[in-house]
Number of protein chains: 2
Amino acid sequence: MATIYDVSVLAGVSLATVSRVMNNNTKVSDKTRQKVLDAMASLDYRPNTIAQSLASNCSNSVGVLVSQLDGPFYGPMMTEIETSLRSANKHVIIAAGHSDEAQEKSGVEFLMSRGCDALILDVEAVSDEYLIKLYKGTTPIVLINRYIEAIKDCCIYLENEQGGYMATNYILSLGHKDVAYVSGPMSKRDAQDRLLGHKRALAEYGLAFDDELWYEGNFREFGGNDAMNHLLTLDKKITAVVCASDQMASGVIAVCLENGIKVPDDISIIGYDNIPFPQYISPKLTTVSNPINEMGKMAALWVLQHVYKDTKVDVDCAFAPELFIRDSAKPLTS
Amino acid sequence: MATIYDVSVLAGVSLATVSRVMNNNTKVSDKTRQKVLDAMASLDYRPNTIAQSLASNCSNSVGVLVSQLDGPFYGPMMTEIETSLRSANKHVIIAAGHSDEAQEKSGVEFLMSRGCDALILDVEAVSDEYLIKLYKGTTPIVLINRYIEAIKDCCIYLENEQGGYMATNYILSLGHKDVAYVSGPMSKRDAQDRLLGHKRALAEYGLAFDDELWYEGNFREFGGNDAMNHLLTLDKKITAVVCASDQMASGVIAVCLENGIKVPDDISIIGYDNIPFPQYISPKLTTVSNPINEMGKMAALWVLQHVYKDTKVDVDCAFAPELFIRDSAKPLTS
DNA sequence: CTGTTAGCGCGTTCAT
DNA sequence: ATGAACGCGCTAACAG
């Protein structure tokens, strides 16, 4: 592999000049620049990024830590991050935290040990204090899907309470009054906020929140299965169920269909997240969007702007959910 | 950040000795080793991986190029790769090729420019020749989901023909004789092979392959929608449809349900891939597995073994599909 | 505008 | 078993 030295010899210039044309910081005369470029071409020269990193103290890499690499969320997010960053010639190193505190911390340690210039974190098990401390360290961090007042300028998050409100508000506007709620695990902030929004909508319609009609799920499909099976054992009238995730909504629908309950004729269902899959099955799921891909892109822009001074784009931190009306919920007719 | 030099001073030894205890290649007396360890601890020393890379000419990073980071496949694969590699203290750099030749090549270039010690590639647009040439280069590569005779020792693939055979064979064993086939795009080898298997099963049962009952889809949900809508316009008897992907099968089922066709009572459906989602909706999808996660893990082991000499695990290259009988297909009753 | 000269932090001979 | 010295490929002052 040709080095910068080989190029300098062939071009008849110094190492520094070659370096200059690569980074075009300083002015170089067109003539010498061309000589260097020619030399590079004929040697098929590729800069050694590792040597560049060592010398410049900048690795051009950003670490991304997510709870899981699979599932319907992180894929779209990673796609946007990778695209945005690569077009700026930065590379992304990935790590998974598996929603476990120790693993999330070890993931952060790992990425920092790799000399990442910045970290994009989607973590849920570590404490606010831990993140605040991290924030004060030397490696810049961006938080996705998490809002911490003290360090809000590095937080990119969805207005979950508002989304929760929108979903339930829509259902209530359809005339439903007996609505069950399948939440995520209350240990997660997202789940708490969505539930808060649900309650707010209920209150606006003068409806009481019925504890019995609330099932704490796990955001996953089988959590939805369990939820609906449980709801069915109750001897209560239920005309709609609001779910805190599309995956759970799908699980709920599956149990309904298996029990001969038609969706949306007999019962209305609404989800949350707007993941791709439930848009293509029957009935098409009505839901509220979680623009995780856009948040990923924003995180990448944040890094480009704050760390690499590469762009002057405005970064927005708060994302608003949006209602997607499809076929799984309809007006109450009785 | 403390450097190896600081440690050597505090421990009262030379740089070389500190380096030795880090890499414990050569023998170091227990006494000095302990001094060094203590010094490291009290300085909270972390080796600079970039400097290590430059000096050792080994970046401890492996590049992974997939067609897309989202979708139901690559997540599980990435999870396994990341887990296996990180436990060996290697990091993974990701890139997406978007099933486009130019983008796949630029992805490979990008990863190589990052000094990756090896590349794990899941590419479909580049030619065999390109890959063979890459194989002969200095950076080791592993191919996932692709079989090229000339370089088969670095190929990790699924026996797609066999899977196609299994799916159709199962359907035929249920007594179906009028079966439609929704394939992937014929430009992809996977799609071709699965179709071949389908035809073999047909032949074994003495059934002719009917061109009219074959729809070339795109592996995606809406491809399944289109397929079933098309099949419905035909005035042909169809008691079962075999799909080359679970996503398409889901799209097919959706259209059936929307048209009042019951699955599996009126029509049997079988998918391919065994992705998570269709396992939780109604009816639960019968399918053939595509152990993409295991293939990812195997690719990681391959790299560990061939590139880092880290393990003595046997690496298997050919993966066999497996039939998962669930609820979307049942015996023909008429 | 261009060349010289130090490092960046660490691995690795080669002596001792 | 340990230390001195060089080099990995490149960037960044500092001169000129």
Side-chain angles (χ1 to χ4, degrees), chain A residues 1-40 43-61 89 112-117 138-139 308-309, chain B residues 1-40 43-61 89 112-117 138-139 308-309:
Chain A
M1 206 52 175
T3 76
I4 196 177
Y5 175 79
D6 303 321
V7 176
S8 75
V9 171
L10 212 180
V13 298
S14 73
L15 291 173
T17 302
V18 178
S19 178
R20 285 186 186 106
V21 347
M22 291 182 53
N23 306 303
N24 50 277
N25 303 324
T26 332
K27 291 293 157 220
V28 178
S29 79
D30 285 347
K31 199 163 48 182
T32 51
R33 166 182 305 279
Q34 198 52 53
K35 281 194 301 186
V36 172
L37 259 19
D38 290 344
M40 284 178 169
L43 286 172
D44 190 30
Y45 168 76
R46 320 289 179 92
N48 179 322
T49 56
I50 293 181
Q52 288 179 316
S53 298
L54 184 60
S56 65
N57 194 31
C58 168
S59 67
N60 288 309
S61 75
N89 207 31
M112 302 209 18
S113 82
R114 253 48 197 184
C116 292
D117 297 328
T138 53
T139 305
Y308 298 114
K309 324 289 183 196
Chain B
M1 206 53 175
T3 75
I4 197 176
Y5 175 78
D6 303 322
V7 175
S8 75
V9 171
L10 213 180
V13 299
S14 73
L15 293 171
T17 302
V18 177
S19 177
R20 286 185 184 108
V21 347
M22 291 181 54
N23 306 301
N24 50 277
N25 304 324
T26 331
K27 289 294 158 220
V28 178
S29 79
D30 286 347
K31 200 163 47 184
T32 50
R33 165 183 305 278
Q34 197 52 52
K35 281 194 302 185
V36 172
L37 258 20
D38 290 344
M40 285 179 168
L43 287 172
D44 191 29
Y45 168 76
R46 320 288 180 93
N48 180 320
T49 56
I50 294 180
Q52 287 179 317
S53 297
L54 184 60
S56 66
N57 194 32
C58 166
S59 67
N60 288 308
S61 75
N89 207 32
M112 301 210 17
S113 81
R114 255 44 199 185
C116 292
D117 297 329
T138 54
T139 305
Y308 297 115
K309 324 290 184 195

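Each chain gets a letter, A, B and so on, in the order its sequence line appears, and its residues count up from 1. In this text, all values refer to a predicted model and were calculated from it rather than measured experimentally.
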Note to self: Roughly what angle, to 10°, lies between the helix axis at the start of the helix from C:dC1-D:dG16 to C:dT16-D:dA1 and the one at its end, five pairs per end?
What the structure shows: 30°

Margin query: Just to verify, what does B:Arg114 make a side chain to side chain donor-acceptor pair (under 3.5 Å) with, not counting sequence neighbours?
Written below: A:Asn89, A:His91

Next item on the list: Give every residue pair that meets the salt bridge (Lys or Arg N to Asp or Glu O under 4.0 Å) criterion with at least one member in residues 43-56 of chain A, sequence neighbours excluded.
Entry: A:Asp44-A:Arg46, A:Arg46-B:Glu109

Item checked: DNA chain C: 5'-most and 3'-most nucleotides touching chain A, 4.0 angstrom heavy-atom criterion -> C:dC1 to C:dG9

Next item on the list: Could I get the full list of side chain to side chain donor-acceptor pair (under 3.5 Å) partners for A:Ser8, not counting sequence neighbours?
Entry: none

Margin query: Taking side chain to side chain donor-acceptor pair (under 3.5 Å) as the definition, give me every residue that meets it alongside A:Ser56, ordered by chain and number, with sequence neighbours left out.
Written below: none

Margin query: Strictly under 4.0 angstrom, non-hydrogen atoms only: write out the protein contact profile of nucleotides 2-9 of chain D, one letter per nucleotide from the 5' end, B, S or -.
Written below: BBB--BBB

Check: Can you check whether A:Val21 reaches A:Met40 side chain to side chain, under 4.5 Å on heavy atoms?
Finding: yes

Note to self: B:Asp6: which residues meet the side chain to side chain contact (heavy atoms under 4.5 Å, CB included) condition with it, sequence neighbours left out?
What the structure shows: B:Ala2, B:Thr3, B:Leu43

Item checked: Residues in side chain to side chain contact (heavy atoms under 4.5 Å, CB included) contact with B:Ala39, at least two apart in sequence or another chain -> B:Val7, B:Leu10, B:Ala11

Note to self: Run the side chain to side chain contact (heavy atoms under 4.5 Å, CB included) test against A:Ser59 and tell me which residues pass, sequence neighbours left out.
What the structure shows: A:Ser53, A:Ser61, A:Asp117, B:Ile50

Margin query: Among residues at least two apart in sequence or on other chains, which ones pass side chain to side chain contact (heavy atoms under 4.5 Å, CB included) with B:Asn23?
Written below: B:Ser19, B:Asn25

Next item on the list: List in chain and number order the residues that pass side chain to side chain donor-acceptor pair (under 3.5 Å) with A:Ser113, two or more places apart in sequence or in another chain; answer none if no residue qualifies.
Entry: none

